[in-house]
Amino acid sequence: MLHEPRHDDGQDATTTAALRGETADDGTTPAFVLRVTSGPAAGAARLLDWASGARVLIGKSATCDVQVPDAGVSRRHVALSRAGSMVRLTDLDSTNGTRVDGMLVTDVRLRGGETITIGESELRLVRTGMSAPEPARRGSFGRVLGRSFDMERVFELAARLAPTALPIIVEGETGTGKELLAEAIHEASPRAAGPFVVLDCVGVESDPAILFGGDQPGALEQASRGTLVLDNVDELPPDAQARLVTVLRDAAIARGGAWRPLDMRVVATSRRDLDREVQDGRFREDLLYRLAGARIDLPPLRARHGDVELLAEYFWKLHRGDGPLPKSVVLLLARQPLPGNVTELSHVIARRVALGHDAHPRAWMGAPLAARPRETRGPDVIDEIVAQRLSLPAARQRVIDEFERRYLVAALEDHGGNVTRAAATSGLTRRHFHSLLAKSRSSSRPPPLPEE
């Protein structure tokens, strides 16, 4: 939240120095301070030190880092992020727009000294003191790789959060590696010896027991003393959201006529803007409060300058490409949008390895490895499910289960039964891939057992 400018003994020395425009003794003064110069929050200030997140969110919502209680300000109005020696300002599709020095903007870089106008409030961006020293270059966090500035910032934040008990929301486009980052945080935490449970919230609508339990413990209890990943948390139906708020508040769940205490860390992932989901009435604000102890934004691959070649080389070795990664492949990849992000890049490299150097780029840049023979099951599986006249949630879950079963079979066949390589190509953690295998083995037509 905003810092009120005060200079008593209770305020951090660096904060005091920055707000005065000075340099702290340890040389770690943040480069920028955001001051509210007019409007309901006038007189307040915020340090932009980037230590608590990759972005500083400004808006009317209490979940924003800078809360501006102005009627003309959207719940989640604008974001500030670091862009080298400058600050990047991004309007978040606000209702009334954002102006910088009187000009309507959507995405700009600021040097300091500008006035930002949102609603009836004005905020002044002030460059002050010295920049904080750059963190040590990591290059990876767990099995998440990257050397771009944005990913180094993600690694630094994840390393700070891992030892804590804070719930975390990991947001990002499809294929950016949200689940893999959640696993890396778990493995770097004091709960690393405990279970790592991944629950796809898409299935909760048709079967709430997979989360809350019924005759058997659900995911909440299965993750005891470990980490529970609520994958696609934005897909939780309203009744499950309401119940989850109570469970997280009480740290206990009622099952089998008894209250059972809960002790797990929750990491929620979402490909959607959860603040926008709250604003549009599709996600509960009180649940967002419970989940957003901290937030990590995973950047899309197109914003990770220098990471495509690094990741391509990693996948080339993973998929057993011959010799070094050809430079011609790197040059082609640099010109591709790769909307599926890291997951799509893995698939592209896998196809290139499988088809060989003689294959035309069109064959491996966007085509499947080969036409796989379709399983014969008589009528189409969707027609069969529709004919059963199940409820929509139950029918949808049947379709998802069948898709997952076929996907696992294909992934394992592509990699000779090796779960590690199949999981990496699928964009899943090894643990989650194993859990899906276990569920598939309980069906009438299980995939082959892995050979490792």
Side-chain angles (χ1 to χ4, degrees), residues 51-54 135-147 151-172 176-201 210-211 213 217-233 244 247-248 251-253 260-270 290-298 311 314 318 342-343 418-439 450 452:
S52 59
R137 304 289 287 182
R138 293 175 176 270
S140 65
F141 183 72
R143 291 192 295 124
V144 185
L145 305 179
R147 56 190 174 204
M151 287 306 294
E152 287 290 350
R153 195 165 55 196
V154 167
F155 298 155
E156 179 69 16
L157 179 56
R160 289 171 179 260
L161 293 174
T164 74
L166 281 171
I168 301 171
I169 295 177
V170 181
E171 297 167 287
T176 49
K178 298 184 290 294
E179 186 185 314
L180 196 62
L181 181 64
E183 183 183 44
I185 290 171
H186 168 76
E187 291 177 344
S189 77
R191 296 173 178 267
F196 178 76
V197 178
V198 179
L199 175 70
D200 189 340
C201 294
I210 63 175
L211 175 59
L220 286 160
E221 290 177 83
Q222 293 168 16
S224 178
R225 299 188 178 183
T227 300
L228 171 63
V229 178
L230 295 174
D231 199 24
N232 299 312
V233 71
L244 185 58
V247 168
L248 295 178
I253 190 168
R260 303 172 187 274
L262 296 174
D263 174 22
M264 76 286 168
R265 182 189 206 155
V266 177
V267 179
T269 76
S270 176
R290 296 285 173 184
L291 297 174
R295 298 172 82 159
I296 299 177
D297 287 307
L298 267 180
L311 292 167
Y314 168 77
L318 180 71
V342 179
T343 300
N418 186 291
V419 173
T420 298
R421 291 201 298 274
T425 301
S426 304
L428 301 172
T429 65
R430 199 172 181 280
R431 288 184 179 91
H432 192 194
F433 198 96
H434 266 300
S435 71
L436 292 177
L437 279 177
K439 185 174 76 171
E452 301 189 71

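Hydrogens, waters and symmetry mates are skipped; everything else that's a heavy atom, side chains included, is used. In what follows, residues are counted from 1 in the order of the sequence shown.
Residues L181 and V154 come closest through the heavy atom pair CD2-CG1, 4.1 Å. V233 approaches C201 most closely through the heavy-atom pair CA-SG, 3.9 Å. The two residues A162 and S189 have their closest heavy-atom pair at O-CB, 3.2 Å. Here the closest heavy-atom approach between residue M151 and residue L145 is recorded as CE-O, 4.3 Å.
Remark: D231 CG to D200 CG distance equals 5.5 Å, nearest 0.5 Å. Atoms CG and CZ, from L244 and R290 in turn, are 10.0 Å apart once rounded to the nearest 0.5 Å. Considering CG of L230 and CG of L211, their distance stands at 6.5 Å, rounded to 0.5 Å. The line from CD of E179 to CZ of F196 is 6.0 Å long, rounded to the nearest 0.5 Å. The CG atom of L220 lies 5.5 Å from the CG atom of L262; values are rounded to the nearest 0.5 Å. The line from CG of L157 to CD1 of I168 is 7.5 Å long, rounded to the nearest 0.5 Å.
Legend: residues meeting side chain to side chain contact (heavy atoms under 4.5 Å, CB included) with A159, ordered by chain and number and at least two apart, are R138, F141.
Each of V267, V229, T227 was compared with V198 under the side chain to side chain contact (heavy atoms under 4.5 Å, CB included) criterion, and only V229 meets it.
The backbone N or O of E221 lies less than 3.5 Å from no partner atom in the side chain of S224, so there is not a single donor-acceptor pair. Side-chain atoms of E152 come within 3.5 Å of backbone atoms of G139 as a donor-acceptor pair (strictly under, hydrogens ignored). Using a distance-only test at 3.5 Å, with no hydrogens or angles considered, no donor-acceptor pair links the side chain of R191 to the main chain of A165. Judged by distance alone, with hydrogens and angles left aside, the side-chain atoms of R225 form no donor-acceptor pair with the main-chain N or O of A193 at under 3.5 Å. With hydrogens and angles ignored, the 3.5 Å screen pairs a side-chain donor or acceptor of K178 with a backbone N or O of G172. Panel note: side chain S270, backbone N232; no donor-acceptor pair is recorded below 3.5 Å. For the pair R143 (side chain) and A184 (backbone), a donor-acceptor distance under 3.5 Å is absent.
I185 is listed as a side-chain neighbour of I296, based on a closest heavy-atom distance under 4.5 Å. You'll find the side chain of L248 reaches within 4.5 Å of the side chain of L291, heavy atoms only. With a 4.5 Å cut-off on side-chain heavy atoms, D297 and R295 do not count as touching. Contact check for R265 versus T164: side-chain heavy atoms found under the 4.5 Å cut-off.
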